[in-house]
Amino acid sequence: MAGIDIVLNTVFNNPTLPVVPIYGFTDTFDRPDGPVGVTSREAKPWIKHAYPGADIEAVIEEGKLKATGSTSWNVWAVDAKTPNGVFRAVFSGLDALGGVRVAVRAQNATNFIVVRFLANGVIRLAKFISSTETEVAVTSAGAWTEAGVLEVGMDGASISVAWNGVQVISPRTINELSGMTDHGFMMRSESPNTRIDETAFIAG
């Protein structure tokens with residue numbers, strides 16, 4: 001008996017079908033040294049939101065993400081297809097002078113929400129609007145250590161921050177940028193210590 005061929009109706013043979021977006025992303029940076037490229041799981045591109053005159057790049061070195069350069073900043077982010085969820089970054093090294101900051105809901109290089117690591121273990125939540133940084137909340141000393149996991153929770157206008165599973169900034173309201181879906185890092189300068197082992201956005 002002759003075989004029966006079954007043709008499935010997919011976007012590959014029927015471009016009129018709607019494309020289902022892939023929400024969230026995961027990147028373990030387990031690829032050769034060089035430009036950050038695309039995420040390891042979904043092959044989503046890292047998008048460079050460039051600030052005029054900046055020389056900052058995001059590169060992989062020995063399986064970790066780091067910044068290079070010293071002038072101004074650029075934002076490197078991935079389109080998670082949703083503004084709501086949890087952005088997670090695992091740091092194997094971290095210092096307050098490293099210049100790598102978490103940037104979520106990025107519209108471009110001058111409009112995004114930022115989480116910054118300050119001296120004495122202080123974590124600062126702020127918003128960049130037209131290049132102007134405005135503080136939203138700040139922790140007491142000792143909120144972060146040299147290595148650990150940062151999580152930024154986003155639900156509508158509500159933004160919270162946790163370090164190693166402990167909420168260090170309770171939900172705060174940031175109305176701006178509520179629909180932006182690019183999440184990643186503000187790369188400001190190179191550091192001998194600051195390295196990111198992996199990152200993910202879990203849609204919620």
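Since the structure is predicted, the reported quantities are computational estimates derived from the model, not experimental observations.
A distance-only check finds no donor-acceptor pair linking the side chain of Asn120 to the backbone of Val122 [under 3.5 Å]. A donor-acceptor pair under 3.5 Å is formed between the side chain of Arg105 and the backbone N or O of Pro83. Judged by distance alone, the side chain of Ser92 and the main-chain N or O of Asp197 form no donor-acceptor pair under 3.5 Å. In this structure a side-chain-to-backbone donor-acceptor pair under 3.5 Å is missing from Glu198 to Phe29. In this structure, the side chain of Asp27 does not engage the main chain of Thr199 through any donor-acceptor pair within 3.5 Å. Side chain of Asp30 to backbone of Ser40: no donor-acceptor contact under 3.5 angstrom is found. Between the side chain of Lys44 and the backbone N or O of Asp79 there is at least one donor-acceptor pair closer than 3.5 Å. The main-chain N or O of Val38 is found under 3.5 Å from a side-chain atom of Arg31 such that the two form a donor-acceptor pair. Side chain of Asn193 to backbone of Asp95: no donor-acceptor contact under 3.5 angstrom is found. Side-chain atoms of Asn111 come within 3.5 Å of backbone atoms of Ser130 as a donor-acceptor pair (strictly under, hydrogens ignored).
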Practice item. Give the C-alpha distance, both sets of side-chain angles, the deciding distance and a yes or no for side chain to side chain contact (heavy atoms under 4.5 Å, CB included) between Met187 and Leu65. Key: CA-CA 11 Å; Met187 301 291 203; Leu65 183 67; 3.7 Å; yes
Review point. When you look at Arg195 and Glu62, which way does the salt bridge (charged side-chain N to carboxylate O under 4.0 Å, His left out) test go after all the steps?
Key: CA-CA 10 Å; Arg195 298 290 185 273; Glu62 297 180 352; over 6 Å; no
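Between Ser160 and Gln167, the shortest heavy-atom distance links the atoms CB-NE2, 3.8 Å. Nearest heavy-atom pair, Ser72 versus Tyr51, reported as atom, atom and distance to 0.1 Å: CB-CD2, 3.7 Å. When all heavy atoms of Ala67 and Ile56 are compared, the pair lying nearest together is CB-CG2, 4.4 Å. Scanning all heavy atoms of the two residues, the minimum distance from Ile60 to Pro35 falls at CD1-O, 4.4 Å. Pairing each heavy atom of Thr82 with each of His183, the nearest pair is O-NE2, 3.0 Å. Contact between Phe87 and Gly184 at its shortest, heavy atoms only, is CZ-O, 3.6 Å.
The closest side-chain heavy-atom distance from Val36 to Trp76 is below 4.5 Å. Taking 4.5 Å as the limit, some side-chain heavy atom of Leu150 sits within range of a side-chain heavy atom of Phe91. Arg101 places none of its side-chain heavy atoms less than 4.5 Å from the side chain of Trp73. Side-chain atoms of Glu42 and Tyr23, non-hydrogen and from C-beta on, never get closer than 4.5 Å to each other. Residues Val114 and Val102 form no side-chain contact, since every pair of their non-hydrogen atoms from C-beta on lies 4.5 Å or further apart. No side-chain heavy atom of Ile159 sits under 4.5 Å from any side-chain heavy atom of Val136. For the pair Thr194/Lys66, no side-chain contact is recorded, criterion being any heavy-atom separation below 4.5 Å from C-beta on. With a 4.5 Å cut-off on side-chain heavy atoms, Val168 and Trp144 do not count as touching.
The OG1 atom of Thr139 sits 5.5 Å away from the CD1 atom of Ile123 when rounded to the nearest 0.5 Å. Asp55 CG to Ser70 OG: the interatomic distance, rounded to the nearest 0.5 Å, is 4.5 Å. Note that OG of Ser178 is 8.5 Å distant from CD1 of Ile113, once rounded to the nearest 0.5 Å. Within the model, atoms OG1 of Thr71 and CZ of Arg188 stand 10.5 Å from one another, a figure rounded to the nearest 0.5 Å. Here CE of Met180 is found 6.5 Å from CG of Leu177. Values are rounded to the nearest 0.5 Å. Distance check, rounded to the nearest 0.5 Å: CD1 of Ile129 to OG1 of Thr110 gives 8.5 Å.
Judged by distance alone, the side chains of Asp155 and Asn84 never bring a donor and an acceptor atom under 3.5 Å apart. Judged by distance alone, the side chains of His49 and Asp182 do bring a donor and an acceptor atom under 3.5 Å apart.
Residues Val104 and Phe201 share a hydrophobic cluster, clusters being chains of Ile/Leu/Val/Met/Phe/Trp/Tyr side chains in contact below 4.5 Å. With hydrophobic clusters built from ILVMFWY side chains whose heavy atoms lie under 4.5 angstrom apart, Val86 does not share a cluster with Ile174. Phe117 and Ile196 fall within the same hydrophobic cluster, defined by Ile, Leu, Val, Met, Phe, Trp and Tyr side-chain heavy atoms under 4.5 Å apart, directly or through other members. A continuous path of hydrophobic side-chain contacts links Val100 to Val161 [ILVMFWY only; heavy atoms under 4.5 Å].
Here the two rings, on Phe185 and Phe112, have centers that are 6.0 Å apart or farther.
Surrounding CD of Glu146 are at most 12 heavy atoms belonging to other residues, nucleotides or ligands under 6.0 Å away. In Arg41, the CZ atom is not crowded: 12 or fewer heavy atoms of neighbouring residues, nucleotides or ligands sit closer than 6.0 Å.
Under the 4.0 Å criterion applied to side-chain N and carboxylate O atoms, Glu135 and Arg124 are assigned as salt-bridge partners.
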